[in-house]
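These notes are about the structure you will find just below.
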Amino acid sequence: MRRERVSRRTTETAVELELNLDGTGKIAIQTGVGFLDHMLTLFTNHGRFDLEVQCVGDLEVDQHHSAEDVGIVLGEAFAKCIGTKEGIERYATVSTPMDEALSTVSIDISGRSFLVYRVEGLKDKVGDFDTELVEEFFLAFTRHAGVTLHIQLEYGKNSHHIIESIFKGFGRALRIASAVHPNSSGVPSTKGVL
Ligand SMILES: [Mn+2]
């Protein structure tokens, strides 16, 4: 089973996280940031992972360190779960509608970290959540997961819907790209290594 637990403690946050790539959508998420909990719940559910997250962060400063550090630890846990990448699908591109919003998420589980984030027009806040932290979260994730991730907003009006379509697509794309094929052997690269 591809299941890993990662802890990370700094002067800014303490994060405990367990990810199971072959889960069934079991969720226990408390980051201290309500909107991020909502988004990680959608990610887990649509990825059919299991995810447990506990984050105690310096919310008296703002939500930045909590969002970033949860991204870091999720990335670390993903990298450990995916291991040598033997037999995985590797690529996935999915578009996800959420009412009037449509976004596309493309993933390459490449061992190389790269984020392209083309999302314009979000309001500064959704509730008390700083929407610029969406990019910070995905930047932290890609750096530590060793994946190439492209996120493109096609169109949309409502910021809550837009971010929701992105997190659902992130879960769906990651599920497809990390799926293991029973009849494939070796890593999916002509170089023989990922
Ligand atoms: Mn919602």
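The first residue in the sequence is number 1, and the count goes up from there. Everything numeric here is computed off the predicted structure, so don't read it as measured data. Just so you know, ligand 1 is whichever comes first in the structure, and atom 1 is the first atom listed for that ligand.
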Pair T131-S159, side-chain donor/acceptor within less than 3.5 Å: no

Beyond-backbone contact of F78 with F49, side-chain heavy atoms, under 4.5 angstrom: no

Centroid-centroid under 6.0 Å between F138 and F167 rings: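 Under 6.0 Å, so yes.
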
Heavy atoms from other residues, nucleotides or ligands near CD of Q30 exceed 12 (cutoff 6.0 Å):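 Atom CD in Q30 is not crowded, with 12 or fewer foreign heavy atoms closer than 6.0 Å.
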
H160, N/O/S atom nearest the Mn ion (ligand 1): NE2

Of the N, O or S atoms in E164, the one nearest the Mn ion (ligand 1): OE1

Contact flag H38/the Mn ion (ligand 1), N/O/S atoms, threshold under 2.8 Å: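 Given the 2.8 Å cut-off, H38 counts as a ligand of the Mn ion (ligand 1).
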
